[in-house]
Participant: 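Dropping the structure in here first, questions after.
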Amino acid sequence: MATYRVLNPDEQVIDTKEFDSAQDAYEWFSNIEVPSHMIGFRMEVDQDGEWVMFDQTDSTGSSEEAGER
């Protein structure tokens, strides 16, 4: 399982959760945690103790990029 967290536009962590799949984490981020009209929210994944951007609501990040790491 991987640990994911959601940060608001002020860089504050608003929730953290573990998922078995990146797809489930993305759905949690995009459908539950962040309203679709809000921008500036970011999801990060813990990779070996370091938080790495996974996706962002203003389309500057991509879950596909995280999968290539």
Side-chain angles (χ1 to χ4, degrees):
M1 290 183 90
T3 303
Y4 296 83
R5 69 183 185 179
V6 177
L7 290 82
N8 67 17
D10 295 325
E11 301 290 320
Q12 298 168 324
V13 177
I14 60 171
D15 204 354
T16 302
K17 193 168 182 178
E18 290 185 346
F19 290 95
D20 287 325
S21 77
Q23 182 62 39
D24 289 345
Y26 179 77
E27 289 177 15
W28 167 70
F29 174 67
S30 62
N31 296 327
I32 298 169
E33 285 298 320
V34 180
S36 62
H37 66 283
M38 302 295 290
I39 61 171
F41 285 79
R42 184 172 75 235
M43 181 169 56
E44 297 178 336
V45 61
D46 182 347
Q47 289 187 340
D48 301 321
E50 191 171 323
W51 290 104
V52 178
M53 187 174 74
F54 183 78
D55 202 2
Q56 192 164 313
T57 56
D58 64 0
S59 301
T60 61
S62 168
S63 58
E64 293 164 2
E65 290 173 9
E68 294 175 0
R69 295 172 202 244

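Side-chain atoms are counted along with the backbone in the values below, which use heavy atoms only and exclude waters and symmetry mates. Index from 1, following the sequence. Quick caveat: nothing in here was measured; it's all calculated off a predicted structure.
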Participant: To the nearest 0.5 angstrom, please state how far the CD1 atom of Ile39 sits from the CZ atom of Phe41.
Facilitator: 10.0 Å

Participant: For the residue pair Val45 and Ala2, what are the closest heavy atoms and their distance?
Facilitator: CG2-CB, 4.1 Å

Participant: Please name all residues satisfying side-chain contact (heavy atoms from CB on, under 4.5 Å) with Asp46, sequence neighbours left out, ordered by chain then number.
Facilitator: Thr3, Trp51

Participant: Check the hydrophobic clustering (I, L, V, M, F, W, Y; side-chain heavy atoms under 4.5 Å; chains of links allowed) and say if Ile14 and Trp28 are grouped together.
Facilitator: yes

Participant: Is Asp10 reaching over with its side chain to a backbone N or O of Gln12, donor-acceptor style, under 3.5 angstrom?
Facilitator: no

Participant: Taking all non-hydrogen atoms of both residues, which atom of Glu44 and which atom of Met53 are closest, and how far apart?
Facilitator: CG-CA, 4.1 Å

Participant: Look at the rings of Phe19 and Tyr4 and say which category their plane angle falls in: under 30° parallel, 30 to 60° tilted, over 60° perpendicular.
Facilitator: perpendicular

